[in-house]
Protein chains: 2
Amino acid sequence: MAERRFTIADVARRAGVSKGAVSFALNGRPGVSDETRARILAAAAELGWVPNRQARALSTARASALGLVLARAPELLGADPFFPAFIAGVEKVLAARDQALVLQVVTTPEAEREGYRRLARDRRVDGVFVVDLRRDDERIALLEEIGLPAVTLNRPDVPSPFPAVVLDDRPGIAAAVRHLVDQGHTKIAHVAGPEPYLHAAARRQAFTDAMGEAGLDGRVVDGDFTAAGGRDATRRLLTGPDRPTAIVFANDVMALSAIAVAAELGLRIPDDVSITGFDDTDLAGYVHPALTTVRADAGGWGEVAARTLLALIDGPEDADVTDTALPPAELVLRNSTAPTPPTPQETQ
Amino acid sequence: MAERRFTIADVARRAGVSKGAVSFALNGRPGVSDETRARILAAAAELGWVPNRQARALSTARASALGLVLARAPELLGADPFFPAFIAGVEKVLAARDQALVLQVVTTPEAEREGYRRLARDRRVDGVFVVDLRRDDERIALLEEIGLPAVTLNRPDVPSPFPAVVLDDRPGIAAAVRHLVDQGHTKIAHVAGPEPYLHAAARRQAFTDAMGEAGLDGRVVDGDFTAAGGRDATRRLLTGPDRPTAIVFANDVMALSAIAVAAELGLRIPDDVSITGFDDTDLAGYVHPALTTVRADAGGWGEVAARTLLALIDGPEDADVTDTALPPAELVLRNSTAPTPPTPQETQ
DNA sequence: CACACGAGATAAACCGCTTTAGTCGATCCG
DNA sequence: CGGATCGACTAAAGCGGTTTATCTCGTGTG
């Protein structure tokens, strides 16, 4: 194995032209006649020549790769169907263009910063996806500083020069609230995601807004997207005073753990308490009762994000790539929601 | 931004030596006196010089990156805590050595082969991790053919020149079976993973063996690691003739979906049916009843696999890197298992 | 004292591709 | 009809490192 590969010089010799001509021909650049171009392409094909990416990278200063830095605790990643689907979408676009995806999984903020810095310093990637936006996200400034092109998933709350690919979570949550209100619920609570995340904040806001529109006042407690956090929050809600008859969770894992809490407290879902989730994980439709939840197209998000990032990188300096909006998240009705229990005044 | 970066020539000039000397000094190679070396390092530090990876790559023909090709359906990836943890472990090792991880997610066998080929052809990576081994896995031959170093997660059933990092799932399954037998169960079934996967086969075999050792004969039905598959298999088992009193699942997702099936059939877990899972997903401890399952150290697996692969790549030709064994998977006892129901003869 | 030797360092080749500066005819134009 | 112009193509200079072939001393040896 590993016999010497052919180089551009071999192709040039075989086609009887110079190296430069070969380069022009292969990159579809003007400067060679159609006839010569054909001859060169034929020669390259006959030799089975493939360009050496490293050499090309050295002259063009292009990595032909995009980066993704994931700063999540492994247990959060493990249960989240978002990333696999997102990445699959990204790959669909990248594979066709001979681009690669460089992944970094980190756990601390320092490691995250260092991750982006390394990607830029080592010229590993030509651009990055910024996911899991946080309030006052310092990554925007960091990326500007190190001059690394980026695309953000949703719009940051700080000024950002980068294009955003927007998928609105809020309609899904709003629909969930409306659905519950329609069923007669008035005491509805929300178990939110971790404070700093913009998507958690958006879901929280959507909940509050939708409740307001219904003339209701909803309680919000903090969760952390983990099963343990979901259990604790749910327990607090269901054992505390003025128990809600419905809970809107910011993700499925927390909602799923609520099923256990309810069971332990002797409460039936949906008869005593209705719940909704967010993500539509594989399991959501296969628990008892099947979970009413909210679904977003993570794969599509990945595709569009990848295309946007590539356009930003390849495009001419001035061509400013604009934001794109995707179809918003939508409600998936299943069996974890039901009309309010008939006895509104249970003191218990 | 993007002001010209310093090159090795700048460092050489500042230290008053030649480019070659700088290269030697920075790579800890003999050929420069300690004094000169110090001067060169100082000059490099003062300029804040960082080597250009692409240039280095061109001369050394090294990508300083490792690859991982994942051929799984997104819904399988989304619920599986294995990969995030595995990747996190890998990264821990790679980050410290300035190596990157190139990820590819594909869905078809052709795309998978093409993925490996692309990684090799484009010199994206110096080696790859081979996960989710299958029977007669053609990837071993493929990787040999294209000359891409690899490390396999567990040992393939075909002759393989690559080192394997072994984590035995079987003791975990065996322990689960013994635990159930100890509780008085005799009618124990297994919902297996997809046939072609070696890990699924190993778990199945471990189940059969352990049952045999207990003098029992266990029924095995096929699952596919998805929630839908788990539900179907469980339904078949619980509604069919000669209902088992315990089911050992090949993963958590299927086990979790069994909880719903049992509920729908009016069966209580663990009173009527005991179940065990595999993976110890985040949710496992937070469902009702909390799931008895099997846990393996995916992160550790990633670390060792990465170290092994790097050793294989960097090491001298002859140094043959050997297999490594990790602590086997172990049983995590929770509440989804209980002694056999007292009425063994319920006709229903 | 001539000579071999090795450590320390340099100059230059090289990795394989891109790109710039030129060369060379053929064509256009006043 | 002579010079400007243009298209096709070549030679060579990068890109920023690594590596090899050489050169230069100072030193130990017979």
Side-chain angles (χ1 to χ4, degrees), chain A residues 2-44 47-65 98 120-124 126 314, chain B residues 2-44 47-65 98 120-124 126 314:
Chain A
E3 63 275 14
R4 194 180 79 77
R5 289 211 216 158
F6 293 110
T7 76
I8 205 172
D10 298 313
V11 177
R13 198 172 313 121
R14 181 170 245 260
V17 295
S18 70
K19 282 169 45 181
V22 175
S23 178
F24 290 144
L26 291 161
N27 294 311
R29 221 181 289 269
V32 283
S33 65
D34 289 352
E35 186 196 357
T36 313
R37 185 184 305 268
R39 191 152 36 89
I40 292 173
L41 291 178
L47 293 178
W49 174 83
V50 279
N52 177 314
R53 218 198 72 257
Q54 331 232 61
R56 197 202 292 265
L58 182 56
S59 343
T60 61
R62 270 261 188 298
S64 11
D98 266 315
R121 166 167 62 72
D122 294 348
R123 285 177 158 68
R124 285 282 184 191
D126 301 318
D314 294 341
Chain B
E3 63 275 13
R4 196 181 76 78
R5 288 212 215 157
F6 292 111
T7 76
I8 205 171
D10 298 314
V11 177
R13 199 172 314 122
R14 180 170 246 261
V17 295
S18 69
K19 280 171 49 182
V22 174
S23 180
F24 290 144
L26 291 161
N27 293 311
R29 219 181 290 268
V32 283
S33 65
D34 289 352
E35 186 195 358
T36 313
R37 185 183 305 269
R39 193 151 37 88
I40 292 172
L41 292 177
L47 292 178
W49 174 84
V50 279
N52 177 315
R53 216 198 72 257
Q54 331 232 60
R56 198 202 295 261
L58 181 55
S59 331
T60 60
R62 270 260 187 300
S64 4
D98 266 313
R121 165 167 63 70
D122 295 348
R123 287 181 156 67
R124 285 281 185 192
D126 301 317
D314 294 340

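Values in this document were obtained by computation on a predicted structure and should not be read as measured data. Here is the naming used below: chain letters follow the sequence lines, and residue numbers restart at 1 for every chain.
- The shortest distance between the side-chain N/O atoms of B:Arg56 and the OP1/OP2 oxygens of D:dT18 is below 4.0 Å.
- Nearest-nucleotide assignment on DNA chain D puts the 5′-proximal partner with B:Leu58, out of B:Ala21 and B:Leu58.
- With hydrogens and angles ignored, a donor-acceptor pair closer than 3.5 Å exists between the side chain of B:Lys19 and the base of D:dG17.
- Nucleotide D:dG7 holds its C1' atom 13 Å from the CZ atom of A:Arg37, rounded to whole Å.
- Residue B:Ser23 places no side-chain N or O under 4.0 Å from the OP1 or OP2 atom of D:dT19.
- A distance-only check finds no donor-acceptor pair linking the side chain of A:Arg37 to the backbone of A:Ala21 [under 3.5 Å].
- A straight line from CG of A:Asn27 to P of C:dT19 spans 8 Å, rounded to a whole angstrom.
- Rounding to whole angstrom units, CG of residue A:Asp122 and P of D:dG16 are separated by 15 Å.
- At a threshold of 4.0 angstrom between heavy atoms, the contacts of A:Val17 are confined to the sugar-phosphate backbone, with no base atom among them.
- Remark: side-chain polar atoms of A:Ser59 are paired, donor with acceptor, to backbone N or O of A:Ala55 under 3.5 angstrom.
- Contact annotation: A:Asn52 does not reach the phosphate of C:dC15 (side-chain N/O to OP1 or OP2, under 4.0 Å).
- Rounded to an integer number of Å, the gap from CZ of B:Arg123 to C1' of C:dC15 is 10 Å.
- Listed candidates were C:dA9, C:dC15, C:dT20. Nearest to the side chain of B:Ser59 is C:dC15.
- Side-chain atoms of B:Ser18 lie closest to C:dA11 of the nucleotides D:dT19, C:dA11, D:dC15.
- Rounded to a whole Å, the CZ atom of B:Arg62 is 18 Å from the P atom of D:dG17.
- One can place CZ of A:Phe24 at 12 Å from C1' of C:dG22, the figure rounded to the nearest angstrom.
- Panel note: side chain A:Arg5, backbone A:Pro51; no donor-acceptor pair is recorded below 3.5 Å.
- OP1 or OP2 of C:dA9 lies within a sub-4.0 Å distance of a side-chain N or O belonging to B:Thr36.
- Atom-to-atom, CZ of A:Arg5 to C1' of C:dC17 comes out at 14 Å; the value is rounded to the nearest Å.
- Within the 4.0 angstrom heavy-atom criterion, only backbone atoms of the sugar-phosphate kind lie near B:Arg29; the bases stay farther away.
- Using a 4.0 Å cut-off between charged nitrogen and carboxylate oxygen, B:Arg121 and A:Asp98 count as a salt-bridge pair.
- Straight-line distance from the CD atom of A:Gln54 to the C1' atom of D:dG16: 13 Å, rounded to whole Å.
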